[in-house]
Undergrad: 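Next up is a structure, given as structure tokens.
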Amino acid sequence: MKTIIPIGPYHPLLEEPEFFKLVVEGETVVDMDIRIGWNHRGIEKLAETKTFDQLVFLVERICGICSTSHPIADVLAQEDLAGVEVPERAQYIRSIVAELERLHSHLLWLGLAGHFIGYNTVFMWVWKYREPLLDLFELITGNRNDYAMLRPGGVRRDIYKKDLPAIRKVMDELEPANEMLTKAILDDPVLNARLKGVGVLSKEDAIRYCVVGPTARASGVDIDVRRDEPYAAYDKVEWKVIVQEDGDVLAKAVVRLLENFESIKIIRQCVDRLEELPEGNIWNPIPEMPPGEGIGHEEAPRGECFHYIRSDGGNYPVRVKVRAPTFSNLPSFKASCLGETVSDVALITAGIDPCYCCTERMAAVYDGSNRRLYDWQDLVRLSQEKTEKIRKELGR
Amino acid sequence: MDVAEKIRAEFGERVDLAFRSPKRLYLLVGKGDLPAVARFLFAELGARFCTASAVDTRAGIEILYHFFFDQLSLMVSLRTLLPKPSPQIESIAPFLKGAEWVEREIADLFGVEFLGHPDPRRLILPDDWPEGEYPYLRSSD
Amino acid sequence: MGLKSWSLRKSPWIFHLSTGSCNNCDIELLDCLTPKFDVERFGIVLVGSIRHADALIVTGAVTRQAAPKLKYLWEQMPKPGLVVALGTCGCSSGIFRDSYNIIGPVDKIIPVDVYVPGCPPKPEAIISGIVKGLAKL
Amino acid sequence: MEFSLKPLLYFLVFPGFAFTAIVGLLSSWVDRKVSAKVQWRVGPPWYQNFADIIKLLHKEIIVPQGSGFTGFLFAPLLGLAGATLVSTIIWVINLNPDSGFVGDLIVVLYLLAFPSLGVIIGGSASRNPLGGLGASREMKLILAYELPFIIAVFTAVLKVGSILLGDIIGYQQVSGIMLRHPSCIIAFLVALICAQAKLTLVPFDIPEAEQELIAGPFTEYSGAPLAIFKLTRAMMLFILPVFLITLFWGGMNFHGWQILASCLKYLAILVFIILVKNTNPRLRIDQAMKFMWGPMTILAIGGMILAVVGL
């Protein structure tokens with residue numbers, strides 16, 4: 001007997017809305033369909049109305065968890081387009097913020113994964129360890145999330161020498177905590193039973209689906225933009241890419257946990273270097289944006305984040321294209337999900353650390369049934385009409 | 001033999017190569033040749049497909065397929081122009097699973113028809129969206 | 001203070017709905033549950049079904065696809081109930097104000113009792129907002 | 001008149017409904033508090049569960065469209081009635097071991113399944129796919145744990161040689177607690193783990209797995225019926241440990257210092273259950289069934305064999 005189970009669009013498992021339709025036989029998933037699109041905010045279209053400097057703030061709000069990754073990819077694209085060099089100090093600062101974000105994102109994921117398998121204690125413990133990171137962000141950037149540190153040509157704010165000991169201290173506390181978590185997860189027999197061999201994504205499938213980030217690295221695909229096309233300070237510090245072969249949820253967890261150690265290592269080296277460099281000089285101005293196109297990609301916590309910007313020489317970009325890591329990773333979910341039980345679906349989704357805010361930046365409007373082209377005013381007008389209509393339909 | 005030479009050896013005059021910087025290679029490809037070049041890059045040279053981006057220009061809809069060589073740190077972008085109205089191109093999704101959603105998204109937003117796409121349904125737009133409406137096109141006056 | 005309002009104030013169960021948020025408010029809301037803030041001290045629990053909820057917390061500017069769902073869920077919520085618009089987007093649409101796919105802030109769709117601005121609001125602000133809302137009940 | 005009032009008093013006030021509910025809600029609070037401590041949190045105040053129940057009683061009751069109206073609203077009452085009755089029986093016998101009746105143990109076992117039955121009926125009646133799935137998981141879980149549970153219980157019966165609860169308590173008062181026999185230690189452990197499953201606590205909270213099924217069978221419930229389900233759940237948290245103590249640990253005794261001992265026994269089992277809950281991830285339903293029918297049943301049968309050979 002086949003049953004269709006809808007998951008979502010609003011479901012406690014997911015902080016964000018999306019919709020999975022699972023076709024199950026008994027408890028086994030035999031087919032599934034993914035429907036995204038509940039979170040469109042039209043960011044790509046909105047981007048065309050922002051200046052290049054404002055654009056950074058907009059892309060920061062694509063996703064709250066990757067709120068450094070998108071701006072980095074964006075400024076990289078702008079710098080690629082304008083051919084501007086970034087001061088050394090700014091590069092180290094970029095690396096520090098990006099790695100702190102990776103730590104907080106991976107810990108967040110670990111906590112949620114623990115929550116998904118009904119292990120609330122793990123959730124609480126991990127989020128407790130994550131809290132100092134957020135406080136650290138508040139200290140060095142002024143906000144717990146949405147740091148607004150990036151700026152085309154450099155960074156907006158310096159990390160002062162007086163704040164460096166605080167970063168070191170948090171790293172020193174986090175390292176043993178992460179070690180403890182790694183051991184706990186690798187040694188726990190119940191966790192092993194629950195995670196091992198679940199939701200396997202084979203290396204062939206990983207390549208076929210073009211997955212990125214920890215999802216790819218857990219399947220034995222050795223890619224990492226930080227190493228393959230170094231940006232910020234990643235070519236100036238010692239670290240290594242973590243690759244696991246199994247492709248199951250356990251491997252994905254292990255990749256993330258081990259990456260935390262690498263991040264701590266990178267941050268420590270960057271902090272040491274910041275100590276030596278003189279304060280100030282964190283920004284090279286971009287005098288003029290030439291016509292042309294720029295591509296920036298960056299290793300977000302979830303994988304490669306890809307930004308494409310085209311300029312016609314004016315103040316505003318002509319086209320901004322954002323490819324978030326989840327957009328690449330989510331289709332592979334189907335490959336790793338078929339044949340598994342319903343209880344594991346949640347876990348497998350968690351395994352790729354999906355982020356729908358990123359995936360669904362764009363949106364669209366329509367009117368009537370014949371083909372029509374729209375300019376910006378049309379879109380706004382249509383939107384207002386539609387708003388009115390919906391408001392009437394909803395009786396408010 | 002590096003990537004540019006390999007492509008030139010395989011396709012000759014049919015592909016127009018231009019380096020914008022040592023890390024950015026642009027290939028201007030006719031829309032008929034695009035699937036073959038994409039397949040060559042992906043299957044023979046082992047590039048990873050990043051994404052495709054479309055722009056609505058005066059001349060037509062320009063699609064760029066971005067491939068990245070992780071080991072060589074080289075971004076190769078295939079550029080092709082699809083004349084309006086009713087832009088069409090052969091899909092690369094049959095041999096490149098990762099392009100499936102990317103093409104569905106472009107089809108949604110730009111109205112490009114991908115011939116031979118295995119699953120040409122809507123992806124990003126709501127279900128009640130009428131046929132023939134494409135939000136990312138500009139008015140062409 | 002009657003038993004009814006006392007119990008409501010001591011045991012507000014919250015249901016969280018994202019209507020096109022960027023995730024930040026959502027994780028800050030989750031953060032409220034974790035050891036540092038621990039809202040269970042005040043009896044606040046995150047529930048999974050809207051039917052169990054006393055407070056509906058909405059994050060994000062309301063996208064076109066989300067608006068009917070928001071309205072529907074609000075109707076499903078057993079009354080008396082509290083609606084909290086969390087974050088700048090929920091309060092005023094914020095940076096997405098000009099987007100054509102945004103219907104508008106939450107109060108265009110359903111009546112809102114408490115506004116908690118901020119991008120994202122700090123957990124302290126979220127807790128304070130909910131507590132202020134409870135005083136209304 | 002007195003003849004008919006006394007059982008009613010037993011049933012409604014002490015040791016039935018009111019008493020069980022109050023202690024059960026306090027036990028739930030202990031559960032939440034200890035969980036919070038394990039998770040490095042402070043946790044709710046002692047009156048939290050009372051506030052929850054009172055609040056739910058005041059909320060609007062929504063009956064979803066298309067649900068079986070009668071089943072939907074009566075299922076919680078069925079569970080509550082079962083829990084109250086079984087609590088009354090166990091307590092009355094504990095207070096006065098001679099007041100049992102033939103086959104009371106069987107009745108108790110039967111009634112212990114009532115709350116789960118209520119959940120199944122309610123979940124199925126709510127016409128919600130998640131509720132239905134939750135109900136079917138609950139059913140599978142019952143099938144899984146009942147076998148080892150009953151075998152474990154009958155190990156004690158075998159040891160005493162009587163099927164009367166009163167006799168079991170009397171036997172323990174005369175010749176020491178059952179737990180000094182190896183066979184009964186095994187049976188006790190098996191029964192404890194089955195109790196965990198009966199309470200649908202982690203790792204056996206599969207029917208209402210929040211992350212997969214929202215709230216499982218309770219998804220569509222609101223207001224008073226939900227309050228009754230929560231109350232039943234809280235009462236079971238009190239009854240099951242007491243039942244286990246009755247069978248294996250000398251029963252609850254209320255003479256002098258024995259009161260303290262009885263309370264400590266109960267708290268020990270409660271805290272054990274809570275710790276297991278907080279240090280384990282959820283199992284899948286198939287893993288749970290394999291676990292119950294495999295190792296648990298074998299262990300329970302082993303205990304029984306030991307009892308037969310006289311250990």
Side-chain angles (χ1 to χ4, degrees), chain C residues 1-18 26 29-56 69 72-83 123-124 127 130-131 133-137, chain D residues 25 28-29 31-65 67 72 122-123 126 128 130-131 134 205 208-227 229-230:
Chain C
M1 188 165 68
L3 201 58
K4 182 179 174 184
S5 74
W6 171 81
S7 64
L8 255 176
R9 252 186 261 174
K10 289 296 172 194
S11 152
W13 291 356
I14 58 177
F15 180 84
H16 162 230
L17 175 73
S18 160
D26 316 62
L29 182 62
L30 274 184
D31 224 40
C32 293
L33 305 173
T34 56
K36 188 168 176 192
F37 300 101
D38 185 28
V39 289
E40 206 191 353
R41 279 179 295 161
F42 314 119
I44 302 179
V45 184
L46 195 65
V47 292
S49 170
I50 184 71
R51 298 224 193 264
H52 305 182
D54 305 304
L56 172 64
K69 299 270 183 305
Y72 178 72
L73 275 173
W74 181 68
E75 282 162 357
Q76 301 288 306
M77 181 166 76
K79 309 292 177 299
L82 191 72
V83 179
E124 291 93 332
I127 297 171
I130 296 175
V131 168
L134 291 174
K136 273 183 78 173
L137 288 178
Chain D
L25 287 176
S28 300
W29 168 72
D31 170 18
R32 284 171 77 169
K33 191 79 180 171
V34 172
S35 301
K37 288 289 173 207
V38 170
Q39 297 168 352
W40 290 340
R41 292 186 290 123
V42 178
W46 65 269
Y47 53 77
Q48 189 54 55
N49 289 72
F50 295 95
D52 286 352
I53 297 292
I54 294 170
K55 178 204 70 180
L56 282 174
L57 288 175
H58 281 110
K59 294 282 280 193
E60 187 183 357
I61 301 170
I62 298 175
V63 180
Q65 248 179 357
S67 63
F72 185 78
S126 68
N128 179 310
L130 297 169
D205 64 334
E208 49 178 312
E210 182 193 315
Q211 290 77 20
E212 298 143 27
L213 300 179
I214 304 189
F218 311 132
T219 307
E220 291 288 343
Y221 277 99
S222 66
L226 182 66
F229 268 134
K230 297 254 170 207

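So you know, we letter chains A, B, ... as the sequences are listed, proteins then strands, and number each from 1. What you see is a predicted model; the values in this text were computed from it and never measured.
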Undergrad: If I measure from the heavy atoms of chain C, does D:L56 come under 4.5 Å with its side chain, its backbone, both, or neither?
TA: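 Side chain only.
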Undergrad: Under 4.5 Å heavy-atom distance to chain D, tell me which part of C:F42 shows up: side chain, backbone, both or neither.
TA: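 It is the backbone, since no side chain atom gets that close.
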Undergrad: Does any backbone or side-chain atom of C:V39 lie under 4.5 Å from a heavy atom of chain D? Answer side chain, backbone, both or neither.
TA: neither
Undergrad: Measure across D:P44 and D:W29 and return the closest heavy-atom pair with its distance rounded to 0.1 Å.
TA: O-NE1, 2.9 Å
Undergrad: Taking C:S5's backbone N and O only, do any of them form a donor-acceptor pair with C:K10's side chain (distance below 3.5 Å, no angle check)?
TA: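 Such a contact is absent between C:K10 side chain and C:S5 backbone.
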Undergrad: Do the non-hydrogen side-chain atoms of D:Y47 and D:I54 ever get within less than 4.5 Å of each other?
TA: no
Undergrad: Tell me, out of C:M77, C:R41, C:Q76, who's got the most heavy-atom pairs with chain D below 4.5 Å.
TA: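 So the answer, after comparing C:M77, C:R41, C:Q76, is C:R41.
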Undergrad: Using the test side-chain hydrogen bond (donor to acceptor under 3.5 Å, both in side chains), find all partners of D:K59 that sit at least two apart in sequence or belong to another chain.
TA: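 C:D54.
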Undergrad: Just to verify, what does D:S28 make a side chain to side chain contact (heavy atoms under 4.5 Å, CB included) with, not counting sequence neighbours?
TA: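 D:S28 satisfies side chain to side chain contact (heavy atoms under 4.5 Å, CB included) with D:N49, D:A234, D:L237 once adjacent residues are dropped.
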Undergrad: Taking D:R41, D:K33, D:Q48 one by one, which has the highest count of heavy-atom pairs under 4.5 Å against chain C?
TA: D:R41
